[in-house]
Protein chains: 2
Amino acid sequence: MTQLDLTPGQALKLWHEVAMGLVHGENRDLNLRQLAILLTIYLETPPHTVRGLAKQLNVTKPVITRALDSMGQHKLVERRPDERDRRSIVIRRTVEGALYLEQLADLIVNKAHEQNRHV
Amino acid sequence: MTQLDLTPGQALKLWHEVAMGLVHGENRDLNLRQLAILLTIYLETPPHTVRGLAKQLNVTKPVITRALDSMGQHKLVERRPDERDRRSIVIRRTVEGALYLEQLADLIVNKAHEQNRHV
DNA sequence: CTCGCACGATACGGTAGCGAAACAAATTCG
DNA sequence: CGAATTTGTTTCGCTACCGTATCGTGCGAG
């Protein structure tokens, strides 16, 4: 398995490069909180609900609702009713969301590789 | 020199962990854009001016002015007049800003090391 | 000396996000 | 059944940012 060893300097530089890449791109949506929500949905084991996400991220429920609204408009996630308990909804992944995170991963990986050349 | 090799999965997981750390912890209201500005000031070679930062980040000048306002309130950066050209100002680093980024670097490094254990 | 230009700051109108509180609907429990 | 609880949403008042346009000041060419 690839070991992940970073010096503090490398860490900041990597974060800088990626942040610059996101800012440069048309990433005008998706705030840091919303990105954290999106990543939780895609990386943690389902099912995901509003209250569950609110608890994991230590934010209030309306924050999740609003994040789902905006991310739903971009089709990055999908809301489905929970058949077992109709008070709840289940947040599901979408093809578009997976693609979006794939691009983010590529950005990070590429910036990390760039550092190897420059150092 | 430490090589920096990341799989896409590792990249997303790392970004997720760090984003969660920032969201969960006391986020200093620093926007992704503002963080990019702060990192540019600390990682790129000085001197830094409003117009220069605006160009590097591909944003308008008021964005820089406002970011300097809020970061200045937190003492993360400092404005100084440019003696050679009094129309310009020079943005300088502060002890508090360096400390803040040091903590950010630690967060990233720690999350990266945690991944080695879990994988 | 004057006029145009460059620099950073500000005004303005608009959008989006926030927390607290109130809300409707579904479930649970007495 | 009916009351209390849970779940997600909405409302309300507020703050933070944004981009465009404009301003005040300092510089510099003519």
Side-chain angles (χ1 to χ4, degrees), chain A residues 19-20 22-41 46-92, chain B residues 19-20 22-41 46-93 100:
Chain A
M20 292 291 280
L22 289 176
V23 169
H24 251 92
E26 292 296 331
N27 197 53
R28 257 337 285 143
D29 311 306
L30 282 221
N31 125 9
L32 190 63
R33 261 183 170 181
Q34 294 171 340
L35 185 57
I37 294 170
L38 189 65
L39 283 164
T40 299
I41 293 169
H48 298 290
T49 62
V50 171
R51 70 187 178 291
L53 291 171
K55 189 170 184 181
Q56 281 190 61
L57 288 144
N58 199 31
V59 297
T60 60
K61 289 191 296 177
V63 170
I64 305 296
T65 293
R66 287 183 292 245
L68 294 180
D69 285 343
S70 69
M71 295 194 295
Q73 284 183 346
H74 295 297
K75 299 195 190 309
L76 298 180
V77 296
E78 206 178 61
R79 272 189 259 228
R80 301 263 295 204
D82 184 341
E83 297 303 333
R84 305 221 192 157
D85 184 343
R86 289 208 176 98
R87 289 172 303 183
S88 292
I89 63 161
V90 176
I91 294 107
R92 304 183 61 206
Chain B
M20 292 291 280
L22 289 176
V23 168
H24 194 277
E26 188 171 336
N27 197 359
R28 266 216 234 214
D29 294 329
L30 275 204
N31 202 340
L32 190 63
R33 264 183 169 182
Q34 293 170 340
L35 186 57
I37 294 171
L38 189 64
L39 282 164
T40 299
I41 293 168
H48 298 289
T49 62
V50 171
R51 70 187 179 289
L53 291 171
K55 189 170 186 181
Q56 280 190 61
L57 287 144
N58 198 32
V59 297
T60 59
K61 287 192 295 178
V63 170
I64 306 296
T65 294
R66 287 184 291 245
L68 294 181
D69 286 343
S70 67
M71 296 194 295
Q73 283 183 346
H74 295 300
K75 301 195 188 308
L76 299 179
V77 296
E78 207 179 59
R79 272 188 259 230
R80 301 262 298 204
D82 184 343
E83 297 304 334
R84 304 223 196 151
D85 183 344
R86 289 211 175 99
R87 290 171 303 180
S88 292
I89 63 162
V90 175
I91 295 107
R92 305 183 62 207
R93 302 160 186 170
Y100 176 81

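Note that this is a predicted model, so its numbers are computed, not measured. Per chain, numbering begins at 1; letters A, B, ... match sequence-line order.
Closest to the side chain of R33(B), out of dG19(D), dT9(D), dG8(C), is dG19(D). Closest approach to the R51(A) side chain among dT7(D), dG19(C), dC7(C) is made by dT7(D) (side chain taken as heavy atoms from C-beta onward).
In this structure, CG of L68(B) is placed 13 Å from P of dC17(D), rounded to the nearest angstrom. Between the P atom of dT11(D) and the CG atom of D69(A) lies a distance of 12 Å, rounded to the nearest Å. Protein atom CG of N58(B) is 14 Å distant from nucleotide atom C1' of dC18(D), rounded to whole Å. Regarding L32(A), its CG atom lies at a distance of 18 Å from the P atom of dA16(D), rounded to whole Å. Note: NZ (K55(A)) to C1' (dG8(D)) measures 17 Å, nearest angstrom. As rounded to whole Å, 10 Å separates atom P of dG8(D) from atom CD1 of I64(A). Rounded to an integer number of Å, the gap from M71(A) CE to dG17(C) C1' is 14 Å. Counting to the nearest Å, the C1' atom of dA22(C) and the NZ atom of K61(A) are 12 Å from each other.
The side chain of N31(B) contributes an N or O atom lying less than 4.0 Å from OP1 or OP2 of dC18(D). Between S88(B) and the phosphate of dA6(C), there is no side-chain N or O to OP1/OP2 separation shorter than 4.0 Å. Proximity of R79(A) to the phosphate of dT9(D): a side-chain N or O atom is located under 4.0 Å from OP1 or OP2. A close approach under 4.0 Å does not occur between any side-chain nitrogen or oxygen of Q34(A) and OP1 or OP2 of dA16(C).
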Could you go over nucleotides 25-27 of chain D and give all protein N or O partners under 3.5 Å, atom names and distances?
from    : atom 1 : to     : atom 2 : distance (Å)
dG26(D) : N2     : R87(B) : NH1    : 3.0
dC27(D) : OP1    : R86(B) : N      : 3.2

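Note: R66(A) CZ to I37(A) CD1 = 10.0 Å, rounded to the nearest 0.5 Å. The CE atom of M20(A) sits 11.0 Å away from atom CG of L32(B), with the distance rounded to the nearest 0.5 Å. Between the CD1 atom in I64(A) and the NZ atom in K55(A) there is a gap of 13.5 Å [rounded to 0.5 Å]. For the atom pair CD1 of I41(A) and CZ of R92(A), the computed distance is 12.5 Å after rounding to the nearest 0.5 Å. Rounded to the nearest 0.5 angstrom, L68(A) CG and H48(A) NE2 are separated by 11.0 Å. Summarising the geometry, atom CZ belonging to R79(B) is positioned 7.5 Å from atom CD1 belonging to I91(B); distances are rounded to the nearest 0.5 Å.
The base of dG19(D) is paired with the side chain of R66(B) by a donor and an acceptor separated by under 3.5 Å.
Heavy atoms of V63(B) sit under 4.0 angstrom from primed sugar atoms or phosphate atoms, though from no base atom. Residue contacts shown for S70(B) are absent, as no nucleic acid heavy atom lies under 4.0 Å away. Within 4.0 Å (heavy atoms only), T65(B) reaches at least one base atom of the nucleic acid.
In summary, R84(B) and D82(B) do not engage in a salt bridge, as defined by a charged side-chain N under 4.0 Å from a carboxylate O.
The environment of CZ in R80(A) is sparse: at most 12 heavy-atom neighbours from other residues, nucleotides or ligands sit within 6.0 Å.
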